[in-house]
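These numbers were taken from a predicted model, which means no experiment stands behind them. Scope of the values below: all heavy atoms of this structure, side chains included, with no hydrogens, waters or symmetry mates. Every chain is numbered from 1 and lettered A, B, ... according to where its sequence line falls, protein lines coming before strand lines.
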Protein chains: 2
Amino acid sequence: MKHSLVRETIIKTASNLFYQKGYNLTGINEIISESGIAKATLYNHFKSKEDICVAYLDYLNTPFLKNIEDFALSKSKGSEQILALFDFLEKFFLSENFNGCWCLNTISEIPNQNIKIRNEIQKGKTEFLKLIVRLLEINFPNKTKKEVATLSKQVYLIYESAISESHLHQNKWPIKTAKEIIEKIFT
Amino acid sequence: MKHSLVRETIIKTASNLFYQKGYNLTGINEIISESGIAKATLYNHFKSKEDICVAYLDYLNTPFLKNIEDFALSKSKGSEQILALFDFLEKFFLSENFNGCWCLNTISEIPNQNIKIRNEIQKGKTEFLKLIVRLLEINFPNKTKKEVATLSKQVYLIYESAISESHLHQNKWPIKTAKEIIEKIFT
DNA sequence: AATAATAGACAGACCAGTTAGTCTGTTTTT
DNA sequence: AAAAACAGACTAACTGGTCTGTCTATTATT
């Protein structure tokens with residue numbers, strides 16, 4: 001296989017497995033057999049399973065952040081663009097592969113001491129928070145910087161519970177409830 | 001060791017390990033060596049590691065539900081008793097053993113197909129939701145049943161994100177933010 | 001009260017399978 | 001000709017779980 005494709009193939013395969021089965025329950029041997037890549041090749045691209053995990057988190061975070069932002073921006077201005085975050089989540093929830101948030105899942109699987117993975121997760125969440133800040137600035141230009149900072153954390157928190165609780169209960173009521181809270185906050 | 005104490009010892013030791021290290025990263029051998037119980041004895045009390053996990057969840061859930069309810073009821077009536085849930089969480093967060101929510105951690109570690117453990121987790125969360133319903137009924141007797149049902153889910157969601165996000169960010173700002181949302185909801 | 005029987009604790013060998021990671025040697029791509 | 005792919009053997013440690021056999025405390029029978 002061509003060099004440039006190998007790395008991508010590994011990440012793609014590992015990502016599917018990590019997300020569906022969890023990090024600890026996915027073995028290196030499963031990754032190589034599923035992706036058709038030799039073990040030595042895998043370790044030529046990544047020095048450890050941990051490094052593949054970091055790549056996995058980034059591989060899912062980057063398109064997620066882009067897609068959810070594009071989706072929100074496509075809606076009419078105002079609180080609609082905030083609510084759109086939850087409509088996006090609902091579509092994700094209804095897709096057959098939904099298995100909760102990869103970041104929250106992974107953080108529950110690693111020891112507290114694993115700062116490499118923890119940092120990657122916090123980085124992704126910080127990017128998400130920044131995205132919410134951008135949406136608030138666009139849609140509520142009259143709010144002060146401080147108000148936006150406060151509001152964005154609130155929206156973030158509500159989003160986070162909506163994704164993890166819809167996963168836990170295997171039901172979309174948490175997404176609906178989240179939208180109720182958002183509506184209360186923005187009126 | 002006396003029969004009745006053996007089971008308790010196993011659960012207590014396993015609980016500490018499962019909560020601190022995670023379910024998958026804790027081995028049976030570690031549980032037996034740490035608790036000083038023979039392997040055959042352990043399997044005389046539990047038919048599998050999975051069963052120990054169920055006992056672990058119950059072992060932490062039961063006192064948690066009792067303690068947080070007692071704490072809330074000790075506060076003055078009104079929204080104070082709801083906010084008390086988050087003060088209780090903050091104390092928990094500041095304790096040295098805090099490692100997030102055992103239920104949310106465990107659900108991220110098990111395959112979707114594991115209904116035994118998933119049921120136990122959903123059971124614990126449902127009990128927590130009922131507790132919030134009780135608190136709302138006591139403190140807001142004028143609200144209709146429907147209003148209480150709606151509000152309780154909102155409070156529940158906010159609590160859940162406060163615990164998981166304070167864990168993720170290793171910071172108590174999510175608890176503070178959660179209380180801001182609660183105050184908005186109840187005024 | 002003395003003896004016998006049962007339950008359940010103990011230690012730890014053992015099983016088959018899996019783990020992450022290394023290494024050797026060969027073939028293909030650039 | 002150099003780089004990097006390939007297959008896959010191999011290591012040492014660990015996994016959940018079973019099993020054998022011993023020892024001790026409680027209970028039942030005489």
For the helix from C:dA1-D:dT30 to C:dT30-D:dA1, what angle separates the axis at the start from the axis at the finish, each from five pairs, in steps of 10°? 20°
Expected output is a numbered-order residue list: members of residues 40-60 of chain B with a heavy atom under 4.0 Å from any atom of DNA chain D. What is it? B:A40, B:Y43, B:S48, B:K49
List in chain and number order the residues that pass side chain to side chain contact (heavy atoms under 4.5 Å, CB included) with B:T62, two or more places apart in sequence or in another chain; answer none if no residue qualifies. B:D58
Who passes side chain to side chain contact (heavy atoms under 4.5 Å, CB included) against B:T144, sequence neighbours left out? B:K146, B:E147
Just jot down the salt bridge (Lys or Arg N to Asp or Glu O under 4.0 Å) partners of B:K66, sequence neighbours excluded, or say none. B:D70
Distance check needed: C:dA20 P versus A:L17 CG, whole Å only. 12 Å
With sequence neighbours left out, the residues meeting ring-ring contact (aromatic ring centres under 6.0 Å, His included) with A:Y43 are none
May I have the list of side-chain donor-acceptor pairs in residues 75-85 of chain A shorter than 3.5 Å, sequence neighbours left out?
residue : atom : partner : partner atom : Å
A:Q81   : OE1  : A:N139  : ND2          : 2.9
A:Q81   : NE2  : A:K75   : O            : 2.9

Rounded to whole Å, the CG-C1' distance (B:L25 to C:dA20) equals 13 Å
Which residues satisfy the salt bridge (Lys or Arg N to Asp or Glu O under 4.0 Å) test with A:K91, sequence neighbours excluded? none
By a strict heavy-atom criterion of less than 4.0 Å, which residues belonging to residues 27-38 of chain A are in contact with DNA chain C? A:G27, A:I28, A:N29
Restricting to side chain to side chain contact (heavy atoms under 4.5 Å, CB included), what partner residues turn up for B:E127, sequence neighbours left out? B:L65, B:K130
Quick one: the side chain of B:K39 and the base of D:dG17, do they pair up donor-acceptor inside 3.5 Å? yes
Residues that A:K172 engages under salt bridge (Lys or Arg N to Asp or Glu O under 4.0 Å), provided they are two or more places apart: A:E90
Between A:E160 and A:K125, does any side-chain N to carboxylate O distance fall below 4.0 Å? yes
Suppose we screen for salt bridge (Lys or Arg N to Asp or Glu O under 4.0 Å). Which residues come up paired with A:K143, at least two apart in sequence or across chains? none
